[in-house]
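To start, the structure under review is shown below, and the notes come after it.
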4 protein chains.
Amino acid sequence: MFTEDQNLTEKQKGILAAATELFAEKGYAATSTSEIARKAGVAEGTIFRHYKSKKDLLLTIVSPTMIKVIGPTVKKDINKVLDKEYSTFQDFIRAMIANRIDFVKNNIPLIRIVIQELPFHDELKKQAIEHIGKDVFEKLRAIVQYFQAKGQIIEMHPDTIIRVVASSVLSYIFTSYVIFPENEWNEEEEIERLIEVLSNGVAKR
Amino acid sequence: MFTEDQNLTEKQKGILAAATELFAEKGYAATSTSEIARKAGVAEGTIFRHYKSKKDLLLTIVSPTMIKVIGPTVKKDINKVLDKEYSTFQDFIRAMIANRIDFVKNNIPLIRIVIQELPFHDELKKQAIEHIGKDVFEKLRAIVQYFQAKGQIIEMHPDTIIRVVASSVLSYIFTSYVIFPENEWNEEEEIERLIEVLSNGVAKR
Amino acid sequence: MFTEDQNLTEKQKGILAAATELFAEKGYAATSTSEIARKAGVAEGTIFRHYKSKKDLLLTIVSPTMIKVIGPTVKKDINKVLDKEYSTFQDFIRAMIANRIDFVKNNIPLIRIVIQELPFHDELKKQAIEHIGKDVFEKLRAIVQYFQAKGQIIEMHPDTIIRVVASSVLSYIFTSYVIFPENEWNEEEEIERLIEVLSNGVAKR
Amino acid sequence: MFTEDQNLTEKQKGILAAATELFAEKGYAATSTSEIARKAGVAEGTIFRHYKSKKDLLLTIVSPTMIKVIGPTVKKDINKVLDKEYSTFQDFIRAMIANRIDFVKNNIPLIRIVIQELPFHDELKKQAIEHIGKDVFEKLRAIVQYFQAKGQIIEMHPDTIIRVVASSVLSYIFTSYVIFPENEWNEEEEIERLIEVLSNGVAKR
DNA sequence: GATGAATGAGTATTCATTCAT
DNA sequence: CATGAATGAATACTCATTCAT
């Protein structure tokens, strides 16, 4: 995660890695800076040379996730839709799911931290609402309307459709990868079923 | 919440109420016992006369919720199904949602605490898996199979159906009442739409 | 100093005594709370149970000095003047000096702290100005005018007279008892000489 | 202050200037080396390249003041007296005051530091006693005796006269320029009054 | 049963100082 | 020479917990 970033010293990378792991494992408030220092193999003072407070450290870890990673990938997706790369709504959802699973798999600790700490830090809340709430939601609305226009999905208020589909997909992914990562599901098959249920419902005809 | 319980002194109720509120608001680790004492209007020592540690206090607050409240209501629901009180799967889901919304509305702080602290306390995790994982899941499976036998819902593996429906319903409720409680939705209408999507999917026919 | 105060526990008295001594000896900023605790024979946490911060401890030590001790004694003196207890300006100064020497002798550490810390703490400055600046200065002016009216002292602006006399007296006392307390002066004789110089000057006639 | 000194690099001058200002403003113990570095616009390490410790920096700032400045000017004054440049004791005091005011005005921060830190650093105390105590006091004694021989001032023990006059003059200057520098006094007039009181006392004849 | 003073280990943060670059 | 990253001891302050009253 942080190993790629160029202008960071080895120590800084170690601090970020250690802090990420510990915050995810025990929670922000229950993690002490001395613990982070020990795990990162640096002196406690070194942490504060780079991050002016424990909170600053948290924000440094979390902000890029929300800003750089969530935003752009959703943007890419919508462009692909508009470029007719996905001809059906199902294809779009499938791609979204695959894309999200990839992201989640590679960032489980980070996501855990975000979920845990979001309610307690107003700065994070603000960022989340700004980056996800507005940007992403609007784009998803455009996509839904696009497929409604093509006659592929029902004429329901786009926001309702987004809420149902997104909450299903996200909670599906979270339960699979973040909450019960030890379980072994047959991934592809399960995804297809989820898509089928979302497409055709559970009612028999 | 705790006012009903009989064999609790006024002080104990006050401590539980104060702790619940503070844990929900700031998180378990970030709440100090002195804060709880102040809010409850008791001396610091009084807390430890009743609960041998801060963690004990947390477990006292959270356990009854999971044990007493989640289990029984699901049992009641399944009995109602078997008593043919709900003749369609939609009716069942509708009843479940109403029931859960009621519970959630009345226990937002408690639910917040459970969600926040579950990952960090193995005792809680164990309890959760035991009480919800096994008991509830089995009963839901029975219900799905019942409606499948009646030819109302598709012949998919019951667990998949449960996962999709339950995660949709729960995340729907959580986003509505726990995460964005300030938003004003048209409750009944939204629920009907959710049920419709779950029943018939989003695909146009 | 603090042994008299009734509603203070033994520990509190110990903390105040230790802090007073250390602040006087090494200065406020250079004294650590752990040092105070060690010297007072209490746990470090105990200090903060009684004084919410190190600064609070400083103010607790210093405020009573300025409020309770400086004000009242000057008031007493002026009453004695008005009651004609001192028939000459010299008598008045002599009484003032004796009185101040008594106070200074019994409160050397406290006075040291006040002198040292006054410039760095605005709360102290404010208090000092309020209690000494206004109250005391006004009363001294009244006294000077009283003796001017009696034709005992020259017709110079009272404030100038106060400044010269007071600064002479105070710096005399300070150099004798606070700055060079080890020196042995012939107290009474020296005081008489100071009074003589202030009365008649150093010029030979 | 330090700009004149030749064999000092720009950085060194900056460090001394910054440290002087900060020590005067917040006190030695409450000033951090990082603060000094920031204010001086140098790296933290640079300070320690030139001054082996924070205390060394303090001594570097303070010592020259006492050694170079106090000593020589008093010597000059006494020579002027002996050269009959001042024919009366009043003239001598007037010149002394003017001279001291000049010095004080141009070195307020330095004087503040000396006053504040003197009691806490034995090295400084020693220097002060050596340079002022012995050298200066002796010279002043000679001057007093000179004017006594000329029959201008009373036949009191010279040390008493010095104490009274010096403490009056110094505390007068300090209160005017160091402690309440914001006040606007009518300088010349006030000085004349001080001299008059010192010469003829406050008693009416 | 309730209190709240007392504790001492622990907290985040700052500090003066060192040293490789 | 100058830098600034790194250190680890020290700092003011908080915490959960104990216990005599």
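Just so we're on the same page: letters track the sequence lines, and every chain starts at 1. All heavy atoms count here, side chains included; hydrogens, waters and symmetry mates do not.
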Could you work out which one of F:dA2, E:dG4, E:dA2 sits closest to the side chain of B:Thr46? E:dA2
A:Thr20 OG1 to A:Glu25 CD distance, which is reported to the nearest 0.5 Å: 12.0 Å
Evaluate whether atom NZ of B:Lys126 has more than 12 neighbouring non-hydrogen atoms of other residues, nucleotides or ligands under 6.0 angstrom away. no
note: C:Asp56, atom CG; F:dA12, atom C1'; distance rounded to Å ~ 13 Å
Distance, rounded to the nearest Å, where A:Ile47 contributes CD1 and F:dA5 contributes P: 16 Å
In whole angstroms, the gap separating P of E:dT11 from CG of A:Leu57 amounts to 15 Å
Identify the two heavy atoms, one from D:Ala24 and one from D:Arg112, that lie closest to each other, and give their separation to 0.1 Å. O-CD, 3.8 Å
So, taking the atom named CG in B:Leu57 and the one named OH in B:Tyr51, what distance separates them when rounded to the nearest 0.5 Å? 6.5 Å
What is the distance from CD of A:Gln12 to C1' of F:dT7, rounded to the nearest Å? 16 Å
Taking the side chain from C:Lys54 and the backbone from C:Thr31, do they hold a donor-acceptor pair closer than 3.5 Å? yes
Rounded to whole Å, the CD1-C1' distance (D:Ile15 to E:dA16) equals 14 Å
Please evaluate residues D:Leu110 and D:Val62 with respect to the criterion side-chain contact (heavy atoms from CB on, under 4.5 Å), reporting the C-alpha separation (whole Å), side-chain torsions for both, the decisive distance (0.1 Å), and the verdict. CA-CA 7 Å; D:Leu110 238 48; D:Val62 164; 5.9 Å; no
For a quick check, with a 4.0 angstrom heavy-atom cut-off, what is the B/S/- contact string for nucleotides 13-21 of chain F, read 5' to 3'? BBSBBB---
Taking atom P of E:dT7 as reference, at what distance in whole Å does atom CD of C:Glu10 sit? 13 Å
Is there a donor-acceptor contact under 3.5 Å from the side chain of A:Lys125 to the main chain of A:Phe120? no
Has B:Lys55 got more than 12 heavy atoms of other residues, nucleotides or ligands less than 6.0 Å from its NZ? yes
Roughly how many Å is it from CD1 in D:Ile36 to P in F:dT3, rounded to a whole number? 15 Å
Side chain of D:Lys11: nearest nucleotide among E:dT7, F:dT3, F:dT7? F:dT3
Carboxylate-amine/guanidinium proximity below 4.0 Å for A:Arg38 and A:Glu44: no
Return the stems involving DNA chain F, sorted by first number, where pairs are Watson-Crick (N1-N3 with N6-O4 or O6-N4) or G-U wobble (N1-O2 and O6-N3), both under 3.5 Å, and runs are 3 or more long. E:2-21 with F:2-21
Figure out the NZ/P separation between C:Lys13 and E:dA6, and round it to whole Å. 12 Å
Can you find a side chain N or O atom of D:His50 that sits less than 4.0 Å from OP1 or OP2 on F:dA2? yes
